[in-house]
2 protein chains.
Amino acid sequence: MDRMSRQSSTAPGPDGEVQGDGQGERSGQRRATVVDVARRAGVSTATVSRVMNRNYPVAAATRERVEAAMRELGYVVNAHARALAGASGRTVGIIVGELIDPFYAYIARGVEREATAGDRLCLVCCTQGDPQRELAFIELMHERRADAVVLVGGSVEDRAYKAELARRASELDAGGSKLVLCGRPSLGEDVPTVGVEYDNEGGAFAITDHLITQGHERILYLGGPPGLSTARDRLAGHRRALELRGIRRDPLLEQPGAFSRAFGHRRMAELLREGPEFTAVFAANDIVAAGAAQAMEEAGVRIPQDMSLVGYDDIPVAQELRPRLTTVRIPLEEMGRQAVRVALNGGDEDDWRAPTTGTLRLGTHIVVRESAGPPRGGFPGSGRARRG
Amino acid sequence: MDRMSRQSSTAPGPDGEVQGDGQGERSGQRRATVVDVARRAGVSTATVSRVMNRNYPVAAATRERVEAAMRELGYVVNAHARALAGASGRTVGIIVGELIDPFYAYIARGVEREATAGDRLCLVCCTQGDPQRELAFIELMHERRADAVVLVGGSVEDRAYKAELARRASELDAGGSKLVLCGRPSLGEDVPTVGVEYDNEGGAFAITDHLITQGHERILYLGGPPGLSTARDRLAGHRRALELRGIRRDPLLEQPGAFSRAFGHRRMAELLREGPEFTAVFAANDIVAAGAAQAMEEAGVRIPQDMSLVGYDDIPVAQELRPRLTTVRIPLEEMGRQAVRVALNGGDEDDWRAPTTGTLRLGTHIVVRESAGPPRGGFPGSGRARRG
DNA sequence: GTGAAAGCGCTAACAT
DNA sequence: ATGTTAGCGCTTTCAC
């Protein structure tokens, strides 16, 4: 059998059987590789590599030939081979709860933009609120050697879970990647992560204080899963404001729950019908506020005349509601940007005081619109006032 | 020099210099590899591989040892090496205009879910409306050998651009990947892409017809970049409905523009002040409708008493507006799901009638809410009625 | 059931 | 300025 006339390695296709393409010169299906390009341009593979990476001098004429060859062959470099050979995979991972939730979407946008700016691609996945999935995704991104893995949003306050997370963080760190905690608390000083937070507690404090300043004393706190760090901190800020002003906390006025519109709507409706008295509502986020607003609308409770309503996050819906929602603004997109910036500088550049465990804290501030005002004398009380 | 006593290949680190870790047994920093695991478990690398992939019989005892070794070493497989060695990269790419736009976000969610269901990770990037960026991203995903690249949303109607796109599609196809056109027209029968569309023209036709049925004759078409396929089709449907009912088209009533809230707001305000007469507005999408609604609110024009308003897409804001927006519903998430399903089955499974160039067309339907009703006698006309 | 060895496509020394 | 070559870490025949 003559093997000289064949190309160096006409390996059979993945099927294990050679295709009907007898022994033609043009390899029917195989992708072009550096070797092919090199041969065609009459140079070595090293030169081809140098042309692609423009990190080394190459004669203009040679470069032309190589580029022509690449074009003619429809050559597309294999990122896997490249990554394997040493270069970074140029990837950052981002793990969010839910892509269609503006809170996550804005942060994701920041991450994506900063990644793109740094010439990297973005791996995105959604946990749908499942911590197990979160862990699994971190592993997957580690396998792909992502330069950084950004974990977004509140986390469950589970002991074992946090330990596992810490383990993963260390593994990542050992491999030169960073786990970024974006909008969630640190795992401890000894765990090699980097953090980008915003002042959850402070924002909540500020907005409750705003309500109090208007004259409200009976403020309903609505929504936010008690197990979630984000919700916990918001509630804490709320309580602190109450305390500071010497207003007694009423357990009946603390109604945690899901971060969902449905919850806001349902619970608000119930409370309006048979709950305690209150003159203002602090929804744990804008989504919950939207649900609550609808319940009030349906019950004929006017905002802000009969009831004040405020939210948290300042996502677009806050401006779409009528009246527009007074809420707490978080620099969402900026957080995403900083997340990758902080992760990449802490390991990519020279070790200028490499802050293995730094935490960047961004500020929040309240945005006053029209959904909150002073309480009026007449509280609608129970019953579906003005309804039906 | 003795080379026998050393480990098979103690290559210097990426720095080019060996670390201070003289010749100890435990490699200080290097990541564990199959070789390490194999040595530790006293087996060959082949066995380690078989244990990981569970695609081949391995003695229970051996498997235990290997798994223990992996655990002890904190071994994490290298996806790049794996992909290079033949396996698929287990990745699908998705290219959208803007992550925070619900239209894209919902589709992205579908893609992500389906990808995850198929044990794949999702590369996401945003073009921010720039076709060049789109092309660049396709290339990047090709480099990473994504199993499928989903291109989402309307495309510009540029000749050269489409040709370039076709070229990329062919390259991808040659490599066994598929380019999926999600919500945009085919590139031609000869271009190897797969498509998932929805009936843009039909939805527009239906909703304009709905307006006409209510008694409207002077309907303003607002927004939608004329260069975008999506917008073009919607306008076409609108015109067809008019025609069918024998209503003469008035160029002044066709006001294309950006797909943005700002455009909807600004142009609507202008038109209300000094435009032609009309009794209903068909906004090219819900975002534009939201802007238009605000302009009407500011001008004291009541919906639907003074003016009817309808949109397109049925994204969440449609239900947040007051009155709620009558609009056209698109199966956004489903489109995303089908996009990856269709792409992966067309090349991954057995060639059961492999539809290299199929196009799946999903239906749309109008959702009637409260923003459209019969026209009233009194048209507000020019001037900022009831304002100031 | 397990091992040996040949690549996958690319980069980065080290020569020339 | 350009060529040679040795891997990067894994999968996968082909032997045993």
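We use all heavy atoms of the structure for the numbers below, so side chains are in, but hydrogens, waters and symmetry mates are not. So you know, we letter chains A, B, ... as the sequences are listed, proteins then strands, and number each from 1.
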Is the shortest side-chain N/O distance from [X] to OP1 or OP2 of [N] below 4.0 Å?
X	N	result
A/N53	C/dT11	yes
B/T62	C/dT2	yes
A/Y75	C/dC10	yes
A/T33	C/dG9	no
A/T47	D/dG3	yes
A/S49	C/dT11	yes

- [ ] Among A/L151, A/L123, A/V152, find the residue that satisfies the side chain to side chain contact (heavy atoms under 4.5 Å, CB included) test when tested with A/I94.
- [x]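 Among the candidates, only A/V152 passes.
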Task: side chain to side chain contact (heavy atoms under 4.5 Å, CB included) partner of B/V37, chosen from B/V77, B/V51, B/V66 - done: B/V66
- [ ] Could you tell me whether A/V48 contacts a base, only the sugar-phosphate backbone, or nothing, with contacts defined as non-hydrogen atoms closer than 4.0 Å?
- [x]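 Nothing, no heavy atom under 4.0 Å.
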Could you state the [atom1]-[atom2] distance from [X] to [N], rounded to the nearest angstrom?
X	N	atom1	atom2	answer
A/R39	D/dG3	CZ	P	14 Å
A/N78	C/dC8	CG	C1'	8 Å
B/R144	C/dC10	CZ	C1'	15 Å
A/M52	D/dT2	CE	C1'	15 Å
A/R54	C/dT11	CZ	P	13 Å
A/D36	C/dC8	CG	C1'	13 Å
A/R82	C/dA12	CZ	C1'	13 Å
B/R145	C/dG9	CZ	C1'	9 Å

Residue pair [X] / [Y], side-chain heavy-atom distance below 4.5 Å:
X	Y	answer
A/I138	A/I95	yes
B/R120	B/L344	yes
A/N78	B/E143	no

TODO: Tell me which of B/A81 and B/A60 sits closer to the 5' end of DNA chain C, going by the nucleotide each one is nearest to.
DONE: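 It is B/A60 whose nearest nucleotide is closer to the 5' end.
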Task: Interatomic spacing from CG in B/L73 to CZ in B/R39 - rounded to 0.5 Å - done: 9.5 Å
Just compare [options] and give me whichever is closest to any side-chain atom of [X].
X	options	answer
A/Y56	C/dA5, D/dT2, D/dG9	D/dT2
A/A59	D/dT2, D/dG9, D/dT5	D/dT2
A/L84	C/dA5, D/dG9, D/dC10	D/dG9
B/V34	C/dA4, D/dC8, D/dC10	D/dC10
B/A46	C/dA13, D/dT12, C/dT11	D/dT12

- [ ] Have a look at the helix from C/dG1-D/dC16 to C/dT16-D/dA1 and give the angle its two end axes make, five pairs each, rounded to 10 degrees.
- [x] 30°
Open item on the list: So that I can tick it off, tell me whether A/E67 and A/R54 are bridged by a salt bridge, with the cut-off set at under 4.0 angstrom between side-chain N and carboxylate O.
Closed with: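 Yes, A/R54 and A/E67 are salt-bridged.
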Task: Salt bridge present between A/R71 and A/E64 (N-O < 4.0 angstrom) - done: no
Open item on the list: I'd like to know if B/R50 reaches the base of C/dG3 with its side chain such that a donor and an acceptor end up less than 3.5 angstrom apart.
Closed with: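 Indeed there is one.
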Task: Under-3.5 Å donor-acceptor pair between B/R63 side chain and C/dG1 base - done: no
